[in-house]
Q: 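Starting off with a structure, shown below.
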Amino acid sequence: MTQIPQDHPRYKSLITRENTVEGVEKGITSIQGLIAQGRGEAFDYLIGECSTDSAKQAERVAVSYLFIAENPVISVNGNTAALVPDELVVLSDITGSSLEVNLFHRSKKRIDRIVEHLESHGARNVLGVKGDSTLDLSHDRRLVDHDGIYGADVVLVPLEDGDRCETLSKMNKVVIAIDLNPLSRTSRCANVTIIDNITRAFENMLQHADEMKSFTDDQFKDIIDNYDNNQVISSALHEIENRLKTLSKEFGKT
Ligand code: PTJ
């Protein structure tokens, strides 16, 4: 891995990029995952590379859903496994969620590598190897575990590619998406859209989970009932708009 000096102004972003590259080298992340990461970086630049208030609100609601669900599942792809392996394990432990590997560019070799990688970070009973049920989709993301995503009531889908999110919603599951692009199909169709970098989203969700672990179901329901996802997407777009307006004014002065 290239050594990134800690005082580099974009240290975090560059480390995330290095971790994605390392994921490819280890056979965890797909080569296409590098393009996805680059696309995410561009949106993160527009957002200002920080968690906005609306993202933090969505992260709190996401954790409430995971706590209150009967059978919550966190879906893991190649990018997610490379970027937040420890955080995946801790969030799944605190909220009682299963981890399930589900890949767009599916191969048995890569699934096994991701499972081994998660296990080396402390995960147990990682799902996704069986793929014994199918979703109504024509690509490999249709293959899911009956005990996992197929029967789940709440599914967290970080860095998704769109149509599975729609299918899961049609199956009346609550879908929580993490996607830096507020306009993606995934962002638009999820019940909870976290417009944040996955690295910051997991950091914040773990903090919320720790604070909320002794909440009652009524408290979780209250948080969920007061949430408006369209408002959160609209706020994210406004936040980008305001940032660009401020920057364009600053440049205009010189
Ligand atoms: O591991 P696989 O085979 O399942 O493949 C995974 C990828 C991510 C390659 C696949 O799902 C894919 O091609 O996804 P897309 O269609 O490129 O969508 C990924 C979305 O995630 C885009 O909207 C990006 O803006 C967003 N994104 C990328 N990096 C990050 C991100 N969102 C949050 N944090 C990131 N670090």
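Just so you know, ligand 1 is whichever comes first in the structure, and atom 1 is the first atom listed for that ligand.
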Q: Of all the atoms in ligand 1, which lie at a distance below 4.0 Å from a heavy atom belonging to G33?
A: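 Ligand 1 atoms under the 4.0 Å threshold to G33: 9 (C).
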
Q: Could you list which atoms of ligand 1 come closer than 4.0 Å to a heavy atom of Q37?
A: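 Every atom of ligand 1 under 4.0 Å from some heavy atom of Q37: 29 (N), 36 (N).
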
Q: I need the atoms of ligand 1 closer than 4.0 Å to a non-hydrogen atom of R110, numbered in the order shown.
A: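 Result: 1 (O), 2 (P), 3 (O).
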
Q: Does the distance from a Lys or Arg side-chain N to an Asp or Glu carboxylate O, for E160 and R141, drop under 4.0 Å?
A: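 Answer for the salt bridge query: yes.
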
Q: Between N229 and T193, does any side-chain donor sit less than 3.5 Å from a side-chain acceptor?
A: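 Indeed, the side chains of N229 and T193 share at least one donor-acceptor pair under 3.5 Å.
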
Q: Do the non-hydrogen side-chain atoms of E239 and R243 ever get within less than 4.5 Å of each other?
A: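 Side-chain contact under 4.5 Å: no.
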
Q: If you measure every N or O of G78 against every N or O of ligand 1, does any of those distances drop under 3.5 Å?
A: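 Checking ligand 1 against G78, an N or O pair does fall under 3.5 Å apart.
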
Q: If you round to the nearest 0.5 Å, how far is OG of S54 from CD1 of I233?
A: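 Separation between the atoms: 10.0 Å.
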
Q: What do you reckon, does N197 have a nitrogen or oxygen under 3.5 Å from a nitrogen or oxygen of ligand 1?
A: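 Between N197 and ligand 1, an N or O pair is found under 3.5 Å apart.
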
Q: Among all protein heavy atoms, pick the one closest to atom 17 (O) of ligand 1 and tell me residue, atom and distance.
A: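 Result: R39 NH2, 2.8 Å.
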
Q: With a cut-off of 6.0 Å (strictly less than), are more than 12 heavy atoms of other residues, nucleotides or ligands near CZ of F67?
A: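 For F67, atom CZ is crowded (more than 12 foreign heavy atoms under 6.0 Å).
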
Q: Less than 4.0 Å from atom 13 (O) of ligand 1, is there any heavy atom belonging to the protein?
A: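 Looking at atom 13 (O) of ligand 1, one finds that no protein heavy atom lies closer than 4.0 Å.
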
Q: Could you tell me whether ligand 1 has any atom less than 4.0 Å away from a heavy atom of E160?
A: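 A heavy atom of E160 does come that close to ligand 1.
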
Q: Name the closest protein heavy atom to atom 28 (C) of ligand 1, giving the residue it belongs to and the distance to 0.1 Å.
A: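 Protein heavy atom with the smallest distance to atom 28 (C) of ligand 1: A36 O, 3.0 Å.
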
Q: Is it the case that the side chains of S75 and N102 hold a donor-acceptor pair, with the cut-off being a distance below 3.5 Å and no angle test?
A: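 Not at all, the side chains of N102 and S75 share no donor-acceptor pair under 3.5 Å.
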
Q: Regarding ligand 1, does I198 bring an N or O atom to under 3.5 Å of one of the ligand's N or O atoms?
A: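 Such a contact does occur with ligand 1.
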
Q: When rounded to the nearest 0.5 angstrom, what is the spacing between CZ in R200 and CG in L180?
A: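 One gets 6.5 Å once the value is rounded to the nearest 0.5 Å.
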
Q: Please state which part of R141 comes within less than 4.0 Å of ligand 1, counting heavy atoms only: side chain, backbone, both or neither.
A: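 Looking at R141 and ligand 1, just side chain atoms fall under 4.0 Å.
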
Q: Taking only residues two or more places apart in sequence, or in another chain, which ones meet R10 in a side chain to side chain donor-acceptor pair (under 3.5 Å)?
A: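 R10: side chain to side chain donor-acceptor pair (under 3.5 Å) contacts with S13, E49.
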
Q: Which residue supplies the protein heavy atom nearest to atom 6 (C) of ligand 1, what is that atom called, and how far is it?
A: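 Of the protein heavy atoms, N77 ND2, 3.6 Å lies nearest.
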
Q: Return the closest protein heavy atom for atom 22 (C) of ligand 1 as residue, atom name and distance.
A: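 Scanning the protein heavy atoms, the shortest distance from atom 22 (C) of ligand 1 goes to D179 OD1, 3.7 Å.
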
Q: Below the 3.5 angstrom mark, is there an N/O of F104, backbone or side chain, next to an N/O of ligand 1?
A: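 It does: an N or O of F104 is found under 3.5 Å from an N or O of ligand 1.
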
Q: Output yes when a protein non-hydrogen atom is found under 4.0 Å of atom 10 (C) of ligand 1, and no otherwise.
A: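 Neighbour list for atom 10 (C) of ligand 1 is empty of protein heavy atoms (cut-off 4.0 Å).
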
Q: Is there a polar contact between ligand 1 and N79, counting only N or O atoms under 3.5 Å apart?
A: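 No; every N/O pair is 3.5 Å or more apart.
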
Q: May I ask whether D196 has any heavy atom positioned less than 4.0 angstrom from an atom of ligand 1?
A: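 Checking ligand 1 against D196, which is what was asked, there is a heavy-atom contact under 4.0 Å.
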
Q: Quick one: which of I178, D179, I47 gives a side-chain contact (heavy atoms from CB on, under 4.5 Å) with I195?
A: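 Option passing the side-chain contact (heavy atoms from CB on, under 4.5 Å) with I195: I47.
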
Q: Under 4.0 Å from a heavy atom of N181: which atoms of ligand 1 are those, numbered in the order shown and with their elements?
A: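 What qualifies from ligand 1 is 23 (O), 25 (O).
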
Q: May I ask you to identify the nearest protein heavy atom to atom 5 (O) of ligand 1, giving residue, atom name and distance to one decimal place in Å?
A: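 Here the closest protein heavy atom is H105 CD2, 3.5 Å.
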
Q: Purely on distance, is any nitrogen or oxygen of L180 under 3.5 Å from one on ligand 1?
A: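 By distance alone, the answer is yes.
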
Q: Would you say the side-chain atoms of N79 pair up with the backbone N or O of G33, donor to acceptor, closer than 3.5 Å?
A: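 Yes, N79 side chain to G33 backbone: donor-acceptor pair under 3.5 Å.
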
Q: Do D112 and R110 meet the salt-bridge criterion of a basic N to acidic O distance under 4.0 Å?
A: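 No.
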
Q: Test: salt bridge (Lys or Arg N to Asp or Glu O under 4.0 Å). Region: residues 216-235. Which pairs qualify, not counting sequence neighbours?
A: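 Sorted pair list comes back empty.
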
Q: Does a side chain donor of either N77 or T80 reach within less than 3.5 Å of an acceptor in the other side chain?
A: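 Their side chains do contain a donor-acceptor pair, which is all the 3.5 Å distance test asks for.
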
Q: Geometry only, no angles: is T16 polar-contacting ligand 1 at N/O separations under 3.5 Å?
A: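 Looking only at distances, the answer is no, because the N/O contact criterion of under 3.5 Å is not met.
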
